Amino acid sequence: MAPSSGRRLASRTKEEPEERKIVGINKETVTNTVSTDYPDNFIDEDHAWDVDYFRSKFRVEWHENNEHEAQFSLIGLDASIANAFRRILIAEIPTLAIEKVFMNNNTSVIQDEVLAHRLGLIPFTGGKKGIRDWMTYLSKDADGQDLCFDHNTVQLSLSVECTKNKDAKPDETDPTKLYHNAHVYARDIVFQPLGDQEKWFSGDDIIRPVNPDILIAKLRPPQVLDMDLHMHKGIGADHAKFSPVCTASYRLLPTITITKPILGDDAKKFQECFMPGTIKLEKVTRQEARQAGSGYEGHEGENKAVVANAMYDTVSREVLRHDEFQGKVKLGRKRDHFIFSIESSGQWDSDELFLESVKVMKQKVGKLRQLAVTMVTENSI
Amino acid sequence: MPGRTINEATRLEAKTEDVAMADAPTSAQSHAEESHDTAETMREDGEENGSKQGEEEEDEEEQPPAQRIRVLPGSTTTAASYEFLEEGHTLGNALRYIIMKNPDVEFCAYAIPHPSEPKMNVRIQTYDTTTAIDALKKGLQDLEDLCDVVAEEFWTKRNEFAASKADMMSE
């Protein structure tokens, strides 16, 4: 029989001491890397899961929010949770991408399969509501045959013929002037609306490449490209072309603690050990210089190194290589402060993507919770 | 395309017996009737799908979702291993964390026994104040709650950030 736990004192705190949240970074080693905020690990600390406590502690700070790049901090999370969101961002948010290429004619020098692969990797965008809510995954019938409908397939076509430009100067050498359609770009792909697609994807919401200037192929007269393309919904776990992000990553917030004053030329050198903006120089004030035991005595007016913004630090540990800073500085990272950086590939906005990842996580967990319930009833026959 | 490969038997048949043009199959596919059938079911499905386009997603509503969790042999009420199909580190580690946060749980860990099998195992051992399955269900529920809190805070702060940016622009 399992032992029962003798626990739960009413007076126990849920707070984890700040210093325990710091991962120590030494010249060659790291310390305190594992999270320990679990019940029964510390006698007078609770650490049991509590939504309300989590809500009171969890914070988001924004640093940058553009269409194609967002940077923000999630504070008060465990790495396992932050990592789940990151993994979902990369591999489990559905997007549209070219999945089938029907080659009617290809007389270019690029082989069919290479061309098809190139086409698959071009990111497309369009009416977001249509893509997210109306479009569904491709369904198959009992025999495994694809069932293509307007709500699961987007048809595109690419039909280009390279011809001579009769108006070109006789001594012209630039192929783009010498010929028509010498270069085939993503913008040459034409959306062919089917069924109800007109309703969701017209005007500004038309299905189009995110970047119209992606070069697909180079042609010479009389080479021809003629193909129909089918786009389907898919996820990054299946193929990277479906991944909605270029990169989605996080890093822990660096901490720099100056334990003993760093003054004068040393301060300048100290500053140069970090990325610009991390360390600033300030003058030692008269008050500080007067204070006995502060380490500033007799240094009034000299430069001292002060941490301006530790977030800019790359944690290169350069500062630990110099003997003059030995024992004067402590580097670390905050274990529950995740600086996320999400670069969208263009189908979604970067901030929407993170919200989407939380939604995917919630759906996934919700489905499994129901399965866990049905599993119990199945087994208790 | 499999349809283009003529199977050996039909090829030989065609050689030995001359077929009248009208009787010859239009394609190399052996059963013309079957393909007609699929065409019909396709149309039916199309109508079905067409009629419920207004509804939100959930095509699978008709049949219950396939069971993806299984109790592994040797499990007792307070010490059990669960096998999740089609799940990986994404859920495994998050679930492990949140279950470990439960004070009634003595031990929790997850493993992916082999990288080329789509399986993820979770081991839960509890004190006698609860059962392993309850700890699992609580863990999943807690994760759901966590997602709500994260999403809410994230979007509130995002809107505040957008507003502060707009203020800066107008000043």
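Keep in mind it's a predicted model, so treat the numbers as computed, not measured. So you know, we letter chains A, B, ... as the sequences are listed, proteins then strands, and number each from 1. We use all heavy atoms of the structure for the numbers below, so side chains are in, but hydrogens, waters and symmetry mates are not.
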Please confirm whether the ring centroid of B:Trp155 lies under 6.0 Å from the ring centroid of A:Phe354. no
Rounded to the nearest 0.5 Å, how far apart are CZ of A:Phe54 and CD1 of B:Ile98? 8.0 Å
Contact summary for B:Tyr127 and A:Asp40, nearest pair of heavy atoms: OH-OD2, 3.8 Å
What is the minimum heavy-atom distance between A:Ala372 and B:Lys137, and which atoms define it? CB-CG, 4.1 Å
Contact class of B:Ala162 relative to chain A, heavy atoms under 4.5 angstrom: neither
Provide the closest heavy-atom pair for A:Gly366 versus B:Glu144 in the form atom of the first, atom of the second, distance. CA-OE1, 3.7 Å
Would you compute the distance between atom CG of A:Leu371 and atom CZ of B:Arg70 and round it to the nearest 0.5 angstrom? 14.5 Å
Roughly how far, to the nearest 0.5 Å, is CG of A:Asn65 from NZ of B:Lys157? 14.5 Å
Could you tell me whether the side chain of A:Val60 reaches within less than 4.5 Å of the side chain of B:Arg158, counting heavy atoms only? no
Is the closest side-chain heavy-atom distance between B:Leu143 and A:Trp49 below 4.5 Å? no
Toward chain B, the part of A:Gln370 with a non-hydrogen atom under 4.5 Å: neither
Starting at CZ of A:Arg369, measure out to CD of B:Gln141 and round the result to the nearest 0.5 Å. 4.0 Å
Most chain B-contacting option - heavy-atom pairs closer than 4.5 Å, from A:Glu61, A:Glu92, A:Arg59: A:Arg59
A:Glu64 portion near chain B, given a 4.5 angstrom heavy-atom threshold: backbone
Taking side chain as everything from C-beta outward and backbone as N, CA, C, O, which of these in B:Ile69 sits under 4.5 Å from a heavy atom of chain A? Side chain, backbone, both or neither. both
Between chain B and each of A:Lys359, A:Met135, A:His47, count heavy-atom pairs under 4.5 Å; write down the option with the most. A:His47
A quick test of your reading: do over 12 heavy atoms of other residues, nucleotides or ligands sit less than 6.0 Å from CD of B:Gln67? yes
In terms of heavy-atom proximity below 4.5 Å to chain B, should A:Asp50 be classed as side chain, backbone, both, or neither? neither
Shortest non-hydrogen contact from B:Leu140 toward A:Val365: O-CG1, 2.9 Å
Please list, one pair per line, the donor and acceptor atoms closer than 3.5 Å that link side chains of residues 77-90 of chain A to other protein atoms, with sequence neighbours excluded.
unit_1  : atom_1 : unit_2   : atom_2 : d
A:Asp78 : OD1    : A:Ser35  : OG     : 3.1
A:Asp78 : OD2    : A:Ser80  : N      : 3.0
A:Asp78 : OD2    : A:Ser80  : OG     : 2.8
A:Asn83 : OD1    : A:Arg86  : NE     : 2.9
A:Asn83 : OD1    : A:Arg86  : NH2    : 2.8
A:Asn83 : OD1    : A:Tyr250 : OH     : 3.4
A:Arg87 : NE     : B:Thr90  : OG1    : 2.7

Closest heavy-atom contact between A:Met361 and B:Ala94? CE-CB, 3.8 Å
A:Tyr38 to B:Arg96 - nearest heavy-atom pair and separation: OH-NH2, 2.6 Å
Atom group of B:Glu160 that falls short of 4.5 Å from chain A, counting heavy atoms: neither
At a 4.5 Å cut-off on heavy atoms, which part of A:Lys364 comes close to chain B: side chain, backbone, both, or neither? side chain
Name the region of B:Leu146, side chain, backbone, both or neither, that has any atom closer than 4.5 Å to a heavy atom of chain A. both
Return the CG to CD distance between A:Leu368 and B:Glu86, rounded to the nearest 0.5 Å. 11.0 Å
Measuring only between side-chain heavy atoms, which start at C-beta, is B:Asn159 closer than 4.5 Å to A:Trp62? no
Of the backbone (N, CA, C, O) and the side chain (C-beta and beyond), which part of B:Phe161 lies under 4.5 Å from a heavy atom of chain A, both, or neither? side chain
In terms of heavy-atom pairs under 4.5 Å with chain A, which of B:Asp142, B:Leu91, B:Asn93 leads? B:Asp142
